[in-house]
**Student:** 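Take this structure, written in structure tokens, and hold onto it; I'll ask about it next.
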Amino acid sequence: MNDEFKTLQKFDAGNEREGFFHSLPELERQGIGRISRLPISIRIVLESVLRNCDGKKVRGKDVETLARWDAKKPANEEIPFVVARIVLQDFTGVPLVVDLAAMRTAVKCLGGDPKIIEPLVPVDLVVDHSVQVDFFGSAQALRLNLEMEFKRNRERYQFLKWGQQAFKTFQLIPPGIGIVHQVNLEYLAKGVLSQKSEVGGQRSEIFYPDTLVGTDSHTTMINGLGVVGWGVGGIEAEAGMLGQPVYFLTPEVVGVHLRGRLKEGVTATDLVLHITQMLRAQKVVGKFVEFYGEGAASLPVPDRATIGNMSPEYGATIGYFPVDQESVNYLRATGRSDEQCAAFENYFRAQKMFGMPRKGEIDYSVDLELDLGQVQPGVAGPKRPQDRINLPELGQTFRSLLQKPVKDGGYGIENVDLGAKHPVQLNGSAPQDDEMASTDNRNQGIEPGDERNKVEMVANRPTPDTAREFKTSTADPFRHGRSEIGHGSVLIAAITSCTNTSNPSVMLAAGLLAKKAVERGMRVDPAVKTSLAPGSRVVSDYLTKTGLQPYLDQLGFNLVGYGCTTCIGNSGPLHPKIEKAIHDYDLVAASVLSGNRNFEARVHQNIKANFLRSPPLVVAFALAGRVDLDLTKEPIGKDKDGKETFLRDLWPSLKEVRDAMQSALTPEVFRRLYRDFANQNPKWNEIPSSTGDIYQWDEKSDYIHEPPFFKDFSMEVGEIENIVGARALGIFGDSVTTDHISPAGAIKASSPAGQYLMSRGIMPEDFNSYGSRRGNDLVMTRGTFANVRIKNLMVPGTEGGVTKYYGPATGPAASTSGDQMSIYDAAMKYQKDNVPLVILAGHEYGTGSSRDWAAKGTRLLGVKAVIAASFERIHRSNLVGMGVLPLQFPEGTNAQTLNLDGSEVFSITGLSDSIEPGKTVTLEIERKNGGRDSVPVRLRIDTPIEIDYYRHGGILQFVLRQLLASK
Ligand code: SF4
């Protein structure tokens, strides 16, 4: 056990256990920093640095630098943070296990022992991202969606089962259990961990804080429990698993002093949307945020977790709440053992980190203040989570956005007839489909129109996916009836996302609101696709126990699955007639969801306006059927007697919510539902699995494919060279998201990935999503920059993954006019001629979810450098991790100010001399008219270790060489 600073001390871990810990008070006593004034989040990272200080990976200097953290001027040093564990979800987790499998294959090919590739810290993978809302509004929806999920993802699940047996420290939580961050909060997180070790020749137990990184941006949710953790790219997580520290620059810490209390009628969702808007304006990108004060102490852990969850939306690395009695109570209430709870409390007391800090006790870099009493009910959207709108202003804001020019963030609809409504008949006369449905219904003994299905006979020609499903299932995926839709019609209403479904107060409020609406005889229009997808089965338990689920069912909010669904864009198809009407009338239709992201095309490709809000407001706006109104004044609809009903008539009081909570939540429920996962899902057990240390790659698989990252791998490390004679593959504006770069949703049949899959005999109805095919580089490379909404400024007026191909920089094949083609096709032509590629972009390049394929795909297309006005934190580091150079334009410069249209030839010089973090190098531009320009650009390799990663061609190659060299 490392103890370089002689800080190891005994403490009472509770329940008659004696433990050791690396004492931060002792470090302070030795005169190393004013640790008791440090933000708690910094102290937790400091403990990891202190405990792992071995003089090699972590040096004494790292401990001293962080212990002397200066609030107003944090040292510009990288911190080597060794985390206690790692969490993964399946979209990002599968490619990671694929990479580990590929590393094992590479080690075997080099004659080594493949088992040297093994996670060194516990890894938990929760399968939550694959369930799609194909079926809804029916008692069968959960079962049918699960069946579809298993059908679509069988190969991936087989592969994951191989991983489960191949790696010792890898736990897999199968589909149908919950959403990773909610499962983390309710079950995986321990608050404090321990490890057996020798201390003074005696076998002892060393305790340390629970810390983690996860391959999902919203890993930050766990900070609500006082556990430091954030989202990293799969590439960094992989390195973390293999014993490498996660490196990050010493952050500034923004202290947000919370005071007062939330007013009656204001939810945790309203609070987090308020905080998101407030902190976005304060520019907290790349910083830690720590909430404290009596207001923070008054918030229950689920509210704190909701606020922690949306850190990526306000831009912070974490939104942290210190550990206090409420944190311990939460652990106890969710079924953690007395022993665990005692160790958690006693550990934090021993470290003098227990209790919510009060104003003035801690030094923060920036001090902010928020009176919880000022927070108003609101929503956020229609395109960005930080664009909060007070509830009364929603209708007016939506109407003005409809007509506002696109360049100003509007929809640019001229001469709009705001009130125009278009009738859609959601039944029809497709005899073949009618026949299928009635046959299937008979199989179940369910007659057409039976209440158990909450759907009548199928009456529309379904989409290909659903058409196939009819052959094997019993239910119609769509709701029926007549409707009228127009601009602002709500077509998706989803109670979804770990952000909110982990919070019983808002979930029960949704149920109570539904009860009042049903009791008044209110109904939801059949055009609204309603769904309820909680992040754990605990939610179903308490909605059933309180008797509220049947009311949600009657409004169509039947359970559709335990997973991300609409939050990740798995909202499933809309009724074909609705899709047609949107298209024919160019409608700006709306979704209302309790998620955390609403970028264009994320929720559904045809829904342009997406509003985030609390679960009860999701139900309320499903009932209203539109967003262009002020629900604080206008009626939500009419009751069974034709009387106008208002939101205030349906809104539950705080007391009603509290009463429901008290009767519903017990630790036993958590214990019962969080055990013996495999046996709780027979479908999982039916999946066959291969065994062995090495994965047998199957060329027939279109889900799992050996990636080319270790092709021709050797122990030799190349030199860093200038990039010469490059062409632009794309020029983009501001806020290009990782969704734009590597979409997670549907694969278009006409796209390169779609064409490729069809060439393999896979029909569009079996494409599944990009997210589910992340284990296959051949699909993912073709899908890079293939988002239907991405706008490449090299081909003005177009959307989607198109570019202009200009040929090599010199020679007869060089072109000045360019041929329009797909980005993938152009990249492959350039690769054939060994032409390096660059991407040019505006501000916030790579914002959005952490998505390693956004960097992997960029590399596999042959892009050597991305030059942007600014980068999102994780994506920048992922680019370096994949050996792609991030470069930053000087302030005020971009492709437009330089008049670039993509016909130029680019070179980046100054790299082959010694490079260092942040160095200025030169972008040389040669225009087609012969003109030349030189622009200084800043190397966004931010830390010395990143130089190593880049030199090695990426982090995986770096780690593999290290592991092979040490054996
Ligand atoms: S529910 Fe949404 S935020 Fe939560 S893990 Fe899933 S996709 Fe991420």
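Reckoned from all heavy atoms, side chains included, excluding hydrogens, waters and symmetry mates. Just follow the structure's listing: the first ligand is 1, and inside any ligand the first atom is 1. Not measured: the values here are computed from a predicted model.
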**Student:** Tell me whether Cys564 has at least one N, O or S atom under 2.8 Å from atom 6 (Fe) of ligand 1.
**Tutor:** yes
**Student:** Return yes when Gln89 approaches ligand 1 closer than 4.0 angstrom through a heavy atom, no otherwise.
**Tutor:** no
**Student:** So which bit of His181 gets within less than 4.0 Å of ligand 1, heavy atoms only: side chain, backbone, both or neither?
**Tutor:** side chain
**Student:** For the ring pair Tyr157 and Phe150, is the centre-to-centre distance below 6.0 Å?
**Tutor:** yes
**Student:** Counting each atom of ligand 1 from 1 as listed, which ones have a heavy atom of Asp216 under 4.0 Å away?
**Tutor:** 5 (S), 8 (Fe)
**Student:** Looking only at heavy atoms of Gly595, does any of them come nearer than 4.0 Å to an atom of ligand 1?
**Tutor:** no
**Student:** Give a yes or no on whether the backbone of Asp128 and the side-chain of Asp90 come within a donor-acceptor separation of less than 3.5 Å.
**Tutor:** yes
**Student:** Which part of His129 is near ligand 1, with near meaning a heavy atom under 4.0 Å away: side chain, backbone, both or neither?
**Tutor:** side chain
**Student:** Can you tell me which portion of Asn596 lies within the under-4.0 Å heavy-atom range of ligand 1? Options are side chain, backbone, both, or neither.
**Tutor:** side chain
**Student:** Do Phe248 and Trp230 have ring centroids that are under 6.0 Å from one another?
**Tutor:** yes
**Student:** Select the closest option to atom 2 (Fe) of ligand 1 among Gly178, Cys498, Ala533, Cys567, judged by heavy-atom distance.
**Tutor:** Cys567
**Student:** Applying ring-ring contact (aromatic ring centres under 6.0 Å, His included) to Phe785 and His740, what does each step give before you reach the verdict?
**Tutor:** CA-CA 6 Å; Phe785 297 110; His740 285 123; 10.0 Å; no
**Student:** Just heavy atoms, cut-off under 4.0 Å: does Asn309 contact ligand 1 by side chain, backbone, both, or neither?
**Tutor:** neither
**Student:** May I ask you to decide if Ala854's main-chain N or O and Thr858's side chain share a donor-acceptor pair within less than 3.5 Å?
**Tutor:** yes
**Student:** Could a heavy atom of Ile179 be found less than 4.0 Å from some atom of ligand 1?
**Tutor:** yes
**Student:** Can you tell me if Gln182 uses its side chain to pair, donor with acceptor, with the backbone of Thr501 under 3.5 Å?
**Tutor:** yes
**Student:** Salt bridge or not for Asp541 and Arg672, using N-O below 4.0 Å?
**Tutor:** yes
